[in-house]
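Just the heavy atoms: all of them, side chains too, but no hydrogens, waters or symmetry mates, feed the values below. Here the structure is a predicted model, which is why all the values come from computation and not from measurement. By convention in this document, chain letters (A, B, ...) are assigned in the order of the sequence lines, proteins followed by strands, and residues within each chain are numbered from 1.
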2 protein chains.
Amino acid sequence: MSNLVSVKFSTLSEDIAQQLSRAIVQGHIPQGSKISEAELAKQYGVSRGPLREAIVKLEGLGLVTRTANVGARVIELNIDDMLETFAMREALEGMAARLASEKMPEEEVTRLYHLLDEHQAYLDANHDEHYVQQGGNDDFHLRIIHASGNTKLIRLLTEELYAVIRMYRHHTADQRRDPRQALREHRAILDAIANHEGDLAELLMRRHISRASQLLKQAMEQCLVKP
Amino acid sequence: MSNLVSVKFSTLSEDIAQQLSRAIVQGHIPQGSKISEAELAKQYGVSRGPLREAIVKLEGLGLVTRTANVGARVIELNIDDMLETFAMREALEGMAARLASEKMPEEEVTRLYHLLDEHQAYLDANHDEHYVQQGGNDDFHLRIIHASGNTKLIRLLTEELYAVIRMYRHHTADQRRDPRQALREHRAILDAIANHEGDLAELLMRRHISRASQLLKQAMEQCLVKP
DNA sequence: TCAAGTTATATTGTCGACAATTTTTATTTA
DNA sequence: TAAATAAAAATTGTCGACAATATAACTTGA
């Protein structure tokens, strides 16, 4: 069962880490399941060395937990951890919005308004259907994060936090959110950024994420009825 | 040249990672220097396997940068990166202070007031000398971070960010800060937490860190005159 | 003398095998 | 039968050796 296209990285370890990350985020490797080094090594056709390096990286990304002499397990999603992650996201993306208000160039602001217009058109055409996961809702947030210009902040949010955030989304299918409400909030945030109102942009972004967190919490409470 | 006490962890890799981390933060391994796997392996008396794992972990902590087929280098401290790190710290510790306002138990508030009293007494007795690095100024911040109750936030701040923050302090000896001013700010923050004023606690903590950032920036500008 | 190309050296990446530890299975005993 | 103990199997941790790549040293030609 070869896993999708194996985009050749310069080193096996990076390649494996990338593939494993996707497999976990998309649920191909289920939550809480054990990561067997021997098994995965055979499956990916590599030795245990690079595989172990990949696992150590995944541990750094917070996708697996490792205990000495026992091995690695995929993290288990639960509401409390999700709320913790979103609290961090609220703080960090709020800061990103503030910084973006100072640094985002005019052209990018214009492009983002266009992006929101496209979202609007999509909703009008598809009877308020959610946009497709990838590149839709996320895109707006990622663009603002990048506009912050803070490379460490960008790395942490896009490479670490968003991995587990996407994982939550994948595992609670529909987050039952009103897309038009989200779009309105996006527009308000962008307005604040366009006007260089850092305080307001941060406030609005934090509220926006806080609301998303509450909605995701409700969705999880309904979805994950404990067996 | 064996490096301090080698506290035996359950696995060599963890042990080495810990020792390397300390060596880098304390400057025993200088900034920008290359990490030679063979050399370090011989020095610590282990094989290259566990050492590589340790290096991968350090990369995750942001203490070294790795490039494929070339190796790892200790990060180089500069003002821009420091400002980026402190911007993240501002956002995250601000959130920690807010959460602490809701969750910190009464007894811990009392203990923290005692801690500040001790700091005050220390300053009175030692003619405004800075407290010793370890456990002094940091302690207050760490206690608030822990009081947030957000385990992910705690891990990120204490294990990742504070590693490089301590590195900055180590490499710019004296940060030329008025300790009494810092103490006053600490007290104001604690007051807000004691009164469960989350908004205020966050605001004060962010200002406090922002000021520290500015001062450290000035110190670095004087210290690091480019050759 | 300098530049480009070539060889040699050193360093990292990968592999398979062995040691140490944990988990499972089997056995014994109350 | 159940708990405790002991043996066996499986899994992780560690090691040394080889392959692939990058860096250094050297040669050659203009």
Side-chain angles (χ1 to χ4, degrees), chain A residues 1-3 5-21 23-24 29-76, chain B residues 1-3 5-21 23-24 29-76:
Chain A
M1 201 204 297
S2 171
N3 219 333
V5 266
S6 142
V7 187
K8 258 295 165 219
F9 272 67
S10 52
T11 159
L12 277 185
S13 152
E14 288 180 52
D15 196 0
I16 304 286
Q18 192 82 6
Q19 290 186 243
L20 273 182
S21 170
I24 290 175
I29 303 178
Q31 304 178 38
S33 67
K34 189 162 181 321
I35 303 282
S36 165
E37 295 183 3
E39 185 184 333
L40 278 185
K42 199 173 61 181
Q43 186 172 330
Y44 285 105
V46 297
S47 134
R48 273 179 52 217
L51 191 83
R52 277 178 70 88
E53 273 192 31
I55 292 177
V56 173
K57 283 181 192 163
L58 293 193
E59 186 188 21
L61 296 182
L63 289 178
V64 305
T65 58
R66 252 161 51 104
T67 49
N69 294 314
V70 173
R73 303 194 86 89
V74 178
I75 58 167
E76 302 208 46
Chain B
M1 199 204 297
S2 171
N3 219 334
V5 266
S6 140
V7 186
K8 259 293 164 221
F9 272 68
S10 51
T11 161
L12 277 185
S13 153
E14 287 180 52
D15 196 0
I16 303 286
Q18 192 82 4
Q19 290 187 243
L20 273 182
S21 170
I24 290 175
I29 303 178
Q31 303 177 39
S33 67
K34 189 162 181 319
I35 303 282
S36 165
E37 294 183 3
E39 186 184 332
L40 279 185
K42 200 173 62 181
Q43 185 173 330
Y44 285 104
V46 297
S47 138
R48 273 178 54 218
L51 192 84
R52 278 177 70 88
E53 274 193 29
I55 293 178
V56 173
K57 283 181 193 164
L58 293 193
E59 185 189 21
L61 296 181
L63 289 178
V64 305
T65 58
R66 252 160 51 103
T67 49
N69 295 315
V70 173
R73 302 193 88 88
V74 178
I75 59 167
E76 301 209 46

**Student:** Taking all heavy atoms of B:A41 and all of B:L51, pick out the closest pair and write down the distance.
**Tutor:**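 Reported closest heavy-atom pair: N-CD2, 3.9 Å.
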**Student:** Distance-only, no hydrogens or angles: does the A:S36 side chain make a donor-acceptor pair with backbone N or O of A:E39 under 3.5 Å?
**Tutor:**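 Checked: pair present.
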**Student:** Among A:I29, A:L58, A:L20, A:T65, which residue meets the side chain to side chain contact (heavy atoms under 4.5 Å, CB included) test with A:V74?
**Tutor:**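 In the set A:I29, A:L58, A:L20, A:T65, the residue that makes a side chain to side chain contact (heavy atoms under 4.5 Å, CB included) with A:V74 is A:I29.
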**Student:** Identify the pairs formed between an N or O of the protein and an N or O of nucleotides 19-23 of chain C at a distance under 3.5 Å, and give each distance.
**Tutor:**
none

**Student:** Using the test side chain to side chain contact (heavy atoms under 4.5 Å, CB included), find all partners of B:A68 that sit at least two apart in sequence or belong to another chain.
**Tutor:**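 Testing B:A68 for side chain to side chain contact (heavy atoms under 4.5 Å, CB included), a comparison that skips the adjacent residues, returns A:S10, A:T11, A:E14.
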**Student:** Are the side chain of A:R73 and the backbone of A:G32 linked by a donor-acceptor contact shorter than 3.5 Å?
**Tutor:**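 Checking the backbone N and O of A:G32 against the side chain of A:R73, a donor-acceptor pair under 3.5 Å is found.
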**Student:** Give the minimum heavy-atom separation between B:A54 and B:S13, together with the two atoms involved.
**Tutor:**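 That closest heavy-atom pairing would be CB-O, 3.8 Å.
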**Student:** Who are the side chain to side chain contact (heavy atoms under 4.5 Å, CB included) partners of B:S47, not counting sequence neighbours?
**Tutor:**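 B:S47 satisfies side chain to side chain contact (heavy atoms under 4.5 Å, CB included) with B:P50 once adjacent residues are dropped.
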**Student:** Pull out every residue in residues 47-54 of chain A that has a heavy atom closer than 4.0 Å to any atom of DNA chain D, ordered by number, or say none.
**Tutor:**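 Contacting residues: A:R48, A:R52.
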**Student:** Which nucleotide of DNA chain D is the first, and which the last, in the 5' to 3' direction, to come under 4.0 Å of a heavy atom belonging to chain B?
**Tutor:**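 Range of nucleotides touched by chain B: D:dG13 to D:dT23.
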**Student:** Test side chain to side chain donor-acceptor pair (under 3.5 Å) on B:K57 and B:S21 and set out the steps.
**Tutor:** CA-CA 10 Å; B:K57 283 181 193 164; B:S21 170; over 6 Å; no
**Student:** What contact category does B:I16 fall into here, base, sugar-phosphate, or nothing, at under 4.0 angstrom with non-hydrogen atoms?
**Tutor:**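 If one applies the 4.0 Å heavy-atom cut-off, B:I16 turns out to touch nothing in the nucleic acid.
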**Student:** Could you pull out all residues at least two apart from B:E59 that satisfy salt bridge (charged side-chain N to carboxylate O under 4.0 Å, His left out)?
**Tutor:**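 Result, salt bridge (charged side-chain N to carboxylate O under 4.0 Å, His left out) vs B:E59: B:R66.
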**Student:** Can you measure from CD (B:Q19) to CD (B:Q43) and round to the nearest 0.5 angstrom?
**Tutor:**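 It is 9.5 Å, given to the nearest 0.5 Å.
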**Student:** If pairs are Watson-Crick or G-U with both distances under 3.5 Å, what is the dot-bracket string of DNA chain C, marking crossing pairs with [ ] and pairs to another strand with |?
**Tutor:** ||||||||||||||||||||||||||||||
**Student:** List for me each residue that meets salt bridge (charged side-chain N to carboxylate O under 4.0 Å, His left out) alongside B:R48, sequence neighbours excluded, and say none if there are none.
**Tutor:**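 Here the qualifying residues are B:E37.
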**Student:** Run the side chain to side chain contact (heavy atoms under 4.5 Å, CB included) test against B:V46 and tell me which residues pass, sequence neighbours left out.
**Tutor:**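 In terms of side chain to side chain contact (heavy atoms under 4.5 Å, CB included), with neighbours along the sequence ignored, B:V46 is linked to B:L12, B:I16, B:Y44.
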